[in-house]
Amino acid sequence: MEERPQAKDKSYNPQAIEKKWQDKWEADKLYRAVIDTSKPKHYALTMLPYPSGDLHIGHWYAITPSDARARYMRMKGYNVLFPMGFDAFGLPAENAAIKEGIHPMKRTFENIERMRKQMRTMGAMFDWEREAVSASPEYYKWTEWFFIQLFKQGLAYRKMSAVDWCPNCNTTLAREQVWGDDRHCERCGTPVIKKNLDQWFFKATKYADELLNFDDMDWTQTVKTLQTNWIDRSEGAEVKFRIASNQSSVNSNQSELNTDDWSLITVFTTRPDTLWGATFMVFSPEHPLVDKITTEENKSAVNEYKAQAARQTEIQRGAVDKEKTGVFTGAYAINPVNQKHIQIWIADYVMMSYGTGAIMAVPAHDERDFAFAKKYDLPIIEVIRPDVETLHATSLQAAYIGAGEMVNSDQFNGTKVSTEKGRKNPGIVTVLDWIAAQGIGKESINYRYRDWLISRQRYWGAPIPMIHCETHGWNPVPEDQLPVTLPEDVEWRPTGESPLKLHPTWKNTICPICGGPATRETDTMDTFMCSSWYHLRYLSPKYDQGPFDQAEYDYWMPVDTYTGGIEHATMHLLYTRFFHKAMRDAGVTKGKEPMIQLRNQGMVLGEDNDKMSKSKGNVVAPDLLVNKYGADSVRAYIMFFARWEMGAPWDSQGIEGTVRWIRRVWTLFTDSVSNGLETDERMNASDEVRKNLRRKVHQTLRKVTRNFENFDFNTVVSSLMELMNEMYKAREAGAAGTDAWKEAQEIYLKMMAPVAPHISEELWTNHLGKPYSIHTQLWPAVDEEATREDSIEIPVQVNGKLRDKVIVPAEASEDEIRAAALASEAVQKYLEGKEPRKVIVAKGRLVSIVV
RNA sequence: GCCGGAGUGGCGGAAUAGGCAGACGCGCACGACUCAAAAUCGUGUUCCCUACGGGAAUGAGGGUUCGAUUCCCUCCUUCGGCACCA
């Protein structure tokens, strides 16, 4: 056996113990994860941090319970991979460069080194040999490679459009990165503006339906809901309306669907059953057809309205209770179901960004259309009549959106309409099938979800590996020329253009098709591209024949347990799912999903119940806590003080509780009496004491096991505290030194090991003299026989009120329990001599007597 | 407005499957040790009452049940997401 690192120490000195074991574990490669087909694998992953420079308490809160769970799984016999790395590209490093002139590369790698050191104090089971850093060329070579694969799959495209721009970060943002009512930048909080730019997008919408499917995924309900809402699928129909303006050569053949003909305008509706009630049409002011259809006499009014709409911000325009406004274009459309001519208006309540940018307005059955029709005195035709006839009279006061039957709808009169959406609604399905047969329209699904805007006008990111040639357009950099490396000699200027564009030579290259002069793409990639595949780079971070070693992939993937904050619900967690599916179709990845199980931790707030921030002065520095109390106590408190998924405000006094627990465990194990080394009058435990101790130990083991399975870290710790209290009592009763005591000590340390890895190793190896290391021990098995109670206390209720407790043998029959309950004096008192009407015996739990 | 989470002592929180509400800890109070304090150890600690004893209580109100923190309905508060989404 190996030499034990240090002689026993009487007093608890966490700083010495923790450093000693961290060094030994590292020297022994105790946490090295290598393929071992003899064991089931478990890939435990926690979201990688951005190297901001200092580890804060939020990192501890996210990482150490995940580490404890990974350690538990290891003891359960799994071959566990628990890697760590850094999401190292991003704006803060570049902004610091602008401000202080320090190169982002230098700063980032210094920060990483600093954070690595701090992370080592956690005593986590990271396999550092698998560390991945997204800003290193060995990593971003493959980020670029993945871009090219997406391009080859037809999933990367360039488009000119009005995109969100953060004026503070000086870059575009994806839709997911614009948050809140004021539409601010997710990173810096600045309200975004719109800019028309030519940008790279990934066709994430192609996977919209697949991304809505969470079958067999053990993800938190919240994230599933957020993603579902974000994608927001809505079922309906596209319907073609012919424009009846005399300016166009109207083809009178109604059944012909000619998509190139601008005189046919498509609208999206979720209510095709209300087509007969469409009494006018509304275009978004930005709709490209507006200029073509507007008649001469309406031109000036329309142009003025368009200009006014353009001046408004998206927020002003989106204000829900704003009064509806609009102007008539002078043009008419023909309702395809009844050939009626209906007016075409423009109004800012119709958005160009949703559906087709034009709607059929059914004022009788849509609140917005109703308000608009009332204001401009447009016709309102009822086409859904409520089943209850009395409601009929109200139909002119407000739009009716409830169930009923179709009226004023020709052959469909009398068709039932429910409040269900899509094909589940009998009215909708009937009309859908009919319009499809008539060639008027077709079933259609609309999504709120948008393609992923990937271009960033910044330096510190992975270059987009594309080359533009005057004659051959955009082509990827040949794969054998990857990586396209970032030049180091760039100037930091917040110009709104990528610093790469301002570099004198970097962008000049040759066209991969013709060899002629060409230019590189100077924008870089959204850093979420880097984090969409980092779980794959961990598999083989030094591998240079591909993004990952296939053998490692086949053994470790998919990720079994993924943990992280909920703030990434519609960003990283959606991007990485899209990425996996796109790469699966490219033959790179396998399986339906990259991450099987997802758990989200909550947030640690400041003691003032506010979000922690430097400006509020309420931040908690984990380094200071570790220095003061030791990592084990900090870990234990992190797991103990809140429900992990909920989070809670920090309480600097509360930590004293787990500090005391750790110290009392130390005392319990290092006291000579505890080890049975001293003869003492207390060492004379009765059979009963020993039996009771074993019972409590195995009951606790059962509970702690379940708690680890369920990520209930707070009750893991509280159960261990409870058992410790029992062990102190058992020692008082003379249990020390008995077999039951020795078993209790062993099981106790094994249960404690995932929470407090250092002290449990020290006590296990040096005080109990057990073989190193406790972290390679197997999780103990519950002795069910030992957990069984001899006698049980049964509460007795009379008319639902607790009146007494009776003690009966555990194996007592229902009749015996009933008899014991009725024999109770207190119970008799409340019966007042009356015969009970009913006596319910819940076996082993409770007796309920009804008088 | 729509969708989702959460409401339990002074505080964080606990409660397999509908069965003793408040485990565990913080804080507080009292006691032991001490010249004293800290630390440590012990005891107590939901609220109300004429306190041996009884009553109320898990956001509010109703329902199902012998029995509800747990299941159902209505509502309130709060946090998060979405929102003139057609």
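Each chain gets a letter, A, B and so on, in the order its sequence line appears, and its residues count up from 1.
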Worksheet item: So which nucleotide does rC41(B) pair with, by the Watson-Crick or G-U wobble rule with both distances under 3.5 Å?
Response: rG31(B)
Item to complete: May I ask you to check whether Phe372(A) and Trp345(A) place their ring centers less than 6.0 Å from one another?
Response: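 Here the rings of Trp345(A) and Phe372(A) have centres that are less than 6.0 Å from each other.
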Worksheet item: Quick one: are the ring centres of Trp650(A) and Tyr637(A) less than 6.0 Å apart?
Response: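 Judged by ring-centre distance (under 6.0 Å), Trp650(A) and Tyr637(A) do meet the cut-off.
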Worksheet entry | 5′-ward residue of the pair Lys838(A)/Met646(A) relative to RNA chain B | Met646(A)
Worksheet item: Where each residue is assigned the nucleotide of RNA chain B containing its nearest heavy atom, which of Tyr728(A) and Asp366(A) is assigned the position nearer the 5′ end?
Response: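 Nearest nucleotide further toward 5': that of Tyr728(A).
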Taking the same atom, [atom1], in [N] and in [M], what whole-Å distance lies between them?
{"N": "rA6(B)", "M": "rG13(B)", "atom1": "P", "result": "13 Å"}
{"N": "rG42(B)", "M": "rG25(B)", "atom1": "P", "result": "10 Å"}
{"N": "rC47(B)", "M": "rA29(B)", "atom1": "P", "result": "15 Å"}
{"N": "rC24(B)", "M": "rU34(B)", "atom1": "P", "result": "30 Å"}
{"N": "rC30(B)", "M": "rA39(B)", "atom1": "P", "result": "15 Å"}

Discussion item. On the six-membered ring of Trp60(A), is Arg635(A) placed so that its NZ or CZ lies under 6.0 angstrom from the centre and within 45° of the ring axis?
Written reply: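 Output no; distance or angle outside limits.
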Discussion item. Using the rule side-chain contact (heavy atoms from CB on, under 4.5 Å), only one of Asn707(A), Leu720(A), Val716(A), Thr705(A) pairs with Met751(A); which is it?
Written reply: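 With Met751(A) as partner, Asn707(A), Leu720(A), Val716(A), Thr705(A) yield a single side-chain contact (heavy atoms from CB on, under 4.5 Å), made by Leu720(A).
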Worksheet item: Under 3.5 Å, is there a donor-acceptor pair linking the side chains of Asn446(A) and Ser234(A)?
Response: no
Worksheet entry | Distance-only polar pair, side chains of Gln699(A) and Glu789(A), donor-acceptor under 3.5 Å |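 Side-chain D/A pair, Gln699(A) to Glu789(A): present.
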Strictly below 4.0 Å: does [X] bring a side-chain N or O up to OP1 or OP2 of [N]?
{"X": "Arg660(A)", "N": "rC26(B)", "value": "yes"}
{"X": "Asn714(A)", "N": "rA14(B)", "value": "yes"}
{"X": "Arg664(A)", "N": "rC41(B)", "value": "yes"}
{"X": "Arg448(A)", "N": "rA83(B)", "value": "yes"}
{"X": "Asn229(A)", "N": "rG80(B)", "value": "no"}
{"X": "Thr270(A)", "N": "rC85(B)", "value": "no"}
{"X": "Arg368(A)", "N": "rA86(B)", "value": "no"}
{"X": "Gln653(A)", "N": "rC26(B)", "value": "no"}

Worksheet entry | From rA17(B), rA86(B), rA6(B), nucleotide with atom closest to Arg643(A) side chain |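 Of rA17(B), rA86(B), rA6(B), rA6(B) is nearest to the side chain of Arg643(A).
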Fill in: Side chain of Ile840(A) (C-beta onward), nearest among rG27(B), rC24(B), rC66(B)
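Shortest atom-to-atom distance from the side chain points to rC66(B).
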To the nearest Å, give me how far apart [atom1] ([X]) and [atom2] ([N]) are.
{"X": "Met571(A)", "N": "rG80(B)", "atom1": "CE", "atom2": "P", "result": "15 Å"}
{"X": "Ile428(A)", "N": "rA86(B)", "atom1": "CD1", "atom2": "P", "result": "11 Å"}
{"X": "Arg837(A)", "N": "rC66(B)", "atom1": "CZ", "atom2": "C1'", "result": "9 Å"}
{"X": "Met721(A)", "N": "rA14(B)", "atom1": "CE", "atom2": "C1'", "result": "13 Å"}

Worksheet item: Where does rG67(B) land, syn or anti, once you apply the within-90°-of-0 test for syn?
Response: anti
